[in-house]
Amino acid sequence: MQFIRSDREYLDDLLETQKASNKNQVIFALNIFRNEQTGEVKHTPQNIEDVKNILTNYFQQVYKTDENPPIFTFDAQNGNGLNEITSYICQILPKKKLGNI
């Protein structure tokens, strides 16, 4: 629900490391958390948009680009959204590395 300073520091380090290797292999995946009793999501659409904007801004600053990074939302409890992440991975990885995906 929050993107705190330690998260931002980690993201900076991660993106700088990827940039140094001359390849971006970062895919942002935002897990949807739910209230265990009610099943209702714990975030608002604005929370998700705020985090996406933060991730995009950091990505664009580090890579000095106007491109948007790959950002996906998914629900780890029920699997919603995982097909989109898997599909994207299959598009960017070489076929010989995909194996049985």
Atom pair [atom1] ([X]) and [atom2] ([Y]), whose distance is rounded to the nearest 0.5 Å:
X	Y	atom1	atom2	value
I27	I89	CD1	CD1	4.5 Å
E84	L82	CD	CG	8.5 Å
S6	L11	OG	CG	11.5 Å
Q91	T86	CD	OG1	11.0 Å

State, with a plain yes or no, whether a side-chain heavy atom of [X] is found less than 4.5 Å away from one of [Y].
X	Y	answer
H43	F33	no
N83	Y88	no
I32	K42	no
V26	F28	yes

Residues, nucleotides or ligands: over 12 heavy atoms within 6.0 Å of E67 CD: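 Atom CD in E67 is not crowded, with 12 or fewer foreign heavy atoms closer than 6.0 Å.
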Nearest heavy-atom neighbours spanning K19 and Y63: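 Smallest interatomic distance, heavy atoms only, reads N-OH, 3.4 Å.
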Taking every non-hydrogen atom, the tightest pair across T65 and F59: CG2-CE2, 3.9 Å
Evaluation steps, side chain to side chain donor-acceptor pair (under 3.5 Å), between Q46 and D50: CA-CA 6 Å; Q46 186 61 46; D50 289 346; 2.6 Å; yes
Quiz: residues 68-79 side-chain donor-acceptor pairs under 3.5 angstrom, not counting sequence neighbours:
from: N68; atom 1: OD1; to: Q60; atom 2: NE2; distance (Å): 3.2
from: D75; atom 1: OD1; to: Q77; atom 2: N; distance (Å): 2.9
from: D75; atom 1: OD1; to: N78; atom 2: N; distance (Å): 3.4
from: D75; atom 1: OD2; to: R34; atom 2: NE; distance (Å): 2.6
from: D75; atom 1: OD2; to: R34; atom 2: NH2; distance (Å): 3.1
from: D75; atom 1: OD2; to: N78; atom 2: ND2; distance (Å): 3.4
from: N78; atom 1: OD1; to: N80; atom 2: N; distance (Å): 2.9
from: N78; atom 1: OD1; to: N80; atom 2: ND2; distance (Å): 3.3

T44/N47 under side chain to side chain donor-acceptor pair (under 3.5 Å): CA gap, chis, key distance, verdict: CA-CA 5 Å; T44 65; N47 294 137; 3.1 Å; yes
No-hydrogen, no-angle side-chain donor-acceptor test under 3.5 Å, N57 and Q61: no
D13 side chain to Y10 backbone, donor-acceptor under 3.5 Å: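 Flag not set: sc D13 to bb Y10 has no pair under 3.5 Å.
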